[in-house]
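Each chain gets a letter, A, B and so on, in the order the sequences are listed, and its residues count up from 1.
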Amino acid sequence: MAFCDFKLHKPESVTEACRLGREFGRTCAYMSGGTELLVDLRSGRKKVAHVIALGGLKELREIRRDGDTLHIGAQATLSEIAEAPLVHEVFPALAEAIVTMAGVQIRNLATMGGNFSCGVPCSDTPPITCAAGGSIVVAGPDGEREVAARDFVLAPRTTVLNPGDIVTAIRIPVQPTTSGASFQRFTMRRGSALAVASVSAWLNVEQGVITAARVVMGAVGPIPLFAENCAASVVGQAPGDSVFADAGALAAAEAQPISDLRGSEQYRRDVVAVLARRALACAAARAEGRTS
Amino acid sequence: MSDKRNDAHLIQLTVNGRVHTLGVGPQATLKQVLREELNLTGTKSGCDAGDCGACTVLMNGRAVTSCLVLAAAADGAEITTIEGVAQGGELHPLQKSFIKHGALQCGFCTPGMIISSLELIGKKPAPEESDIKAALGGNLCRCGTYPRIIKAVKDWRSFEGVDLDTEPSDEGERDQIRTHSTVGRGVPRYDGPDKVTGRTEYTADIRLPDMAHGKILGSTVAHGLIKSIDTSAAKALPGVLAVITAADVPALRYGVSPARYDEEILARERVRYVGDEVAAVVAVDEATAEKAVQLIKVEYERLPAVFDPRDALAEGAPLIHPEEAEKYARNINTQVEWHFGDVEQGFAEADCIVEDSFVGNRTYQCPIEPHASVARWEHHAGKLTVWSSSMAPHYLRHMLSRIFEIPQGDIRTITPCVGGGFGVKAEATPLDLCAVIFSRLIGRPVMMKYSREEMFHHFRGRHKQYIDMKIGVKKDGTITACQSHILLDGGAYTSYGIVTAYYAGSMVPTLYKIPNYKYDGYRMYTNLPASGAMRGHGVPQPRYAFESLLDMAAEELGLDPFDIRLRNAMQPDTMTCNDLDISSCEFTATLEQAREQTGWNEKKGKLPPGKGIGVGCGGFVSGAGYPIYRSKFPHSNALIRLSEDGMAASLYIAAAEIGQGCNTILPQIAAEELGIPYHRIWLVESDSVLGPTDLGSYSSRVTLMAGNAVRMAAAEVKTKLLEVAGKQLGCDMHGLTARDGRIFVAEHPRIGMDWDEAARLAFSADGPVTGTGHYSPPPGLGGRYKGAAVGTSPAYSFSTAVCEVTVDLETGYVTVDDFYDFSDAGTVINPVTFHGQVEGGIIMGLGETLMEDTLVRDDGSLINPDLHGYLVPTISDSPRIVSRAVESYEPRGPFGAKEIGEGCLPPILGAIGNAVYDACGVRVTELPITPEKILAGLQKNREKTGRTP
């Protein structure tokens, strides 16, 4: 289908981008990589009069370390993030998640800023960022604010962003050496495909005991879902198969999947149980330095 | 391109090293600018959603899908398209490697594949297989060329600084090399260099002066009456040239089989599925046409609809073609009732009877090239030229002649290269017909294309079959009877469906000797897109049922799956119970070799839990014995003319190259028969004014039928040269041989002359040296019962496939690790294209078995008419494949050849299904075998046995 008629704006600063967004309000859309927006515009899911392209904001492409935080510019492409040595050093599970996503051609365009802003339930970088305890930096007409990643997505395709707000960076705390994380994803084929379910697990293990845990599920709820019971069940325990198997079952109960072409509600719960167990086991092994 | 020039952005792009300053509209994608403004049509358009990767280009050194880049936002970018990969006429080593390894078939994905590979080898010059799979996961190849692409990318450095020769690849492993010069050798594809450089022209690449663009509006309701159509807003849109509805098109019905013409060019009163064509627009450009169709307002009176053939058959179900209520009573489009021998008696003789119900899936051919058509009505001459992505341009011309009441001789059909067909492009489409109507109306050439979504609506994919099948077997494995009852979901129109309904029954007794056989088939109308002919036409699903039942019977009787197959295997020179004439047949040898070379005896039943091995068999016709409509014309024809200097021969054919490689095979056959090297053949193809009629690339007919016609034309030319040479050498022409560019006395090879010298002498004496050839199947094929024509063929292929799988017992996910195929396709003309077809058939069959299905909502609209919802296998899903030719000599085929393109697919479903059962004890009878169904089966088994498998 043809695109609706829109004007394209190429702001040269964050301030200008925010100003344009506020001016056009609901009649505009911000474009990062464009891999989601252009598909939506073509299918008619979205209709706008203005597209504001953020790709020209070079200052939003930087990946750097700010003290004890990994700063990922919102407009850095997924490929740039997955290839960055700093990411592998600070939080390799993010790179692990990214390379399971889509094809290279999409990862060369898409950005984490776009991933978060779209708020699509089956998106993969938000849950792993949540698991890392990350946060999102938002610039708006009234200045900058930082929002915890877990509070960012409110509902399917709805986020905390107001008209004129853009994501400028994703911030991930430098992880303690006693922690480990894993991203597990299930798809209907090996090549580029949307997730049936994903589970991101993060654990801190000290002297053989899990002291903290975060488990976040993707594609099985309206937003990235924290499996609180699952995470709580492993804290205070020593890593072990039965602990993680029981935790997986708790995660399955906490998931809120729908039935669609990628799987029924029940099947998705079954898969979540397996993925959660595997993610926890892998995260624990990494936390204890048993595997990289 | 937008007309709103005031919104245009002035941008600079460096494309293939050249700087372009361009004014582009805000909605123009990079792909559009490359293709439409810069005419770089090597960048292909396959889905417009970033799913297929055909439009991949390098942007600032990174591979991107150019359909998802707004050109105006890419200001300043450096772009490399496929046209920029070869430098100064010298192919990039990667391109040479693609040609040499046969890493391309239809070629539509090739530019994107090469571009994505370039980014990879730039970063990692010696990539491993896993790197290649990761890098190319976003490039779909529906021909399934993945194993060859992996080889080509891995091996690219071998071609650095190496000239690409025309020498055959060393894949030729067989006896022909000793007896023939060209036949049996893996000569590089004729179309290779064009396909790796983006020069190959597909229909959507046609550029004609003053060309307009059309678009069709589809129904939004599944079943309804059209109350009104308001086209005023569409007509008022600037740039719109004409809008048509049923009132403006010929008031007749058309279709494929004359007995069931049931389609309207545009719906007159009734729409029968979501997408049924209602109106069409032609405009100055595509975007305007797309906008205009959305402005047409159609009012429908909704009628009750039916989406399941079982419901359609019920008393009182809504009639989908009520205007022919008697002909199509109870929505039965085609009914088959066959009974050969006596099944009652056969089952009475059986020691073991197994039966089950199987349900197939609505799989879609899903070629990466969307259908396209260009028509130019020559008002001054009363003639018509149509360029169409057609597999069967002869039938297209036949239908155009009938609909527009002009002689076939006044219609010129041109088939540019076809970017994959697999059966879906074998009939005249509304695109072809509307393009002609528009061109006549506005006096300009008109191009029309389907979007990916429209392709799924047009469909003509696999019939979903509901199969009840039963077989009777004696203790020693001998089959005594087979009975099947099949409901086929035909969708709203007939298409090729009559033939499908017959094929679903006729091919079952060709593989194994079945003395007693009964088949009841009902092809049903439903309010869904029409089903049609898909690779292996009607055969794979019943074959899946049969191969599953065979394994079930073997298990019950304690027999090895190979033993039960060997016991019943078809033998050469057999008349089947349904009067099909099997001539050459090495089926038994394919079974024996498969068993031996896959280590079956060491693996079957001995693999660890979750690992399994399975066998499936299949085969197909080498061309249909009869055409779609009654005609005495030869099925295939060919013309050869020598160049005046005798250095080249031009071969004129009208067979359609759809990726299967006929434009390589046919020149090989010509070269062999003429006695000159392959590279001395010029191919003139796919133009009805130049090449004599060929029925088309369907029913796996081209190698045998067109091959015979080509060989006959070449033989005529050769006879003329031998005559001249005989006179010149003063010897009997019957003692002369032509080979490798020389004509010589067979018994004294040193006595002879150059072939070209003989050709020059012949031309000097009698003018143009030409030969013609034609082929018709042997007369009288088939029995005398109703529908006996379907399944007849001059020859049949046979194959045995074995696969090994790993089933994740926790998620049900199936990984196909290995596939082995042993095919009897007669003499292999070209091992590279042969194995390419086999590998592609395996990968397409794998998708069909494990992941593909078009899904429908309660209102009849499609859930997944796109390539992220309808999943086809990617390079990452591609198993290791070993393909072996088990040659027979088919006396009716050219140099003994038969078909391979379709027969390689039907075994795959059963092989995977049987391997999954071996791995985890779950037999899934409803395709596709999804992880969810396996998990449910494991759960059920656990409940039954109280333990894990």
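- B:T29 places a side-chain heavy atom less than 4.5 Å from the side chain of A:R42.
- A heavy-atom distance below 4.5 Å is not found between the side chains of B:E810 and A:D270.
- Here CG of B:D48 is found 11.5 Å from OG of A:S43. Values are rounded to the nearest 0.5 Å.
- When atom types are taken as modelled, the side chain of A:N108 and the backbone of B:A63 share a donor-acceptor pair closer than 3.5 angstrom.
- Residue contact with chain B, scored on non-hydrogen atoms closer than 4.5 Å, is absent for A:T77.
- A:F6 has its side chain within reach of B:L70: a pair of non-hydrogen atoms, C-beta onward, lies under 4.5 Å apart.
- Residues B:P931 and A:F186 are in side-chain contact: their nearest non-hydrogen atoms beyond the backbone lie under 4.5 Å apart.
- Annotation: maximal heavy-atom pairing with chain A below 4.5 Å, among B:H868, B:E454, B:E453, B:Q294, occurs at B:Q294.
- The contact between B:L871 and chain A is made by backbone and side chain atoms together, counting heavy-atom distances below 4.5 Å.
- Judged purely by distance below 3.5 Å, without hydrogens or angles, the side chains of A:R190 and B:T815 pair a donor atom with an acceptor atom.
- Both the backbone and the side chain of B:T65 have a heavy atom closer than 4.5 Å to some heavy atom of chain A.
- Only the side chain of B:K123 has a heavy atom closer than 4.5 Å to any heavy atom of chain A.
- For A:R45, the CZ atom counts as loosely surrounded, since its 6.0 Å shell holds 12 or fewer non-hydrogen atoms of other residues, nucleotides or ligands.
- Interface residue A:R277: only side-chain heavy atoms are found under 4.5 Å from chain B.
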Could you walk me through whether B:S876 and A:R189 satisfy the side-chain contact (heavy atoms from CB on, under 4.5 Å) test, starting with their C-alpha distance in whole Å, then the side-chain angles of each, then the deciding distance to 0.1 Å, before giving a yes or no? CA-CA 8 Å; B:S876 312; A:R189 70 176 176 199; over 6 Å; no
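- Atoms OH and OG1, on B:Y813 and A:T187 in that order, are 5.5 Å from each other to the nearest 0.5 Å.
- Taking A:L37, A:L261, A:D260, A:L275 one by one and counting their heavy-atom pairs under 4.5 Å with chain B, the maximum is reached by A:L261.
- Summarising the geometry of A:A2 relative to B:A287, their closest heavy-atom pair is CB-O, 4.0 Å, with the distance given to 0.1 Å.
- When heavy atoms are compared at a cutoff of 4.5 Å, B:V57 does not approach chain A at all.
- For a residue to count as touching a neighbouring chain, one of its non-hydrogen atoms must lie under 4.5 Å from one of that chain's; by this rule B:V872 touches chain A with backbone and side chain alike.
- Looking at A:Q105, its side chain never comes within 3.5 Å of a backbone N or O of B:G50 through a donor-acceptor pair.
- The OG atom of A:S192 sits 13.0 Å away from atom CD1 of B:I875, with the distance rounded to the nearest 0.5 Å.
- Using a 4.0 Å cut-off between charged side-chain N and carboxylate O, B:K124 and A:E83 make no salt bridge.
- Side-chain contact check for B:Q27 versus A:V51: every heavy-atom pair is 4.5 Å or farther apart.
- For B:A134, the part sitting under 4.5 Å from any heavy atom of chain A is the backbone (N, CA, C, O) and nothing else.
- Looking only at side-chain heavy atoms (C-beta outward), A:M188 and B:E932 stay at 4.5 Å or farther from each other.
- Side-chain contact check for B:D75 versus A:K10: some heavy-atom pair is nearer than 4.5 Å.
- Residue B:D808 touches chain A through its side chain alone, counting heavy-atom pairs closer than 4.5 Å.
- In this structure, the side chain of A:Y267 engages the main chain of B:T811 through a donor-acceptor pair within 3.5 Å.
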Salt bridge (Lys or Arg N to Asp or Glu O under 4.0 Å), that's the test. Do A:R262 and B:D853 meet it? Break it down for me. CA-CA 11 Å; A:R262 284 183 278 281; B:D853 205 359; over 6 Å; no
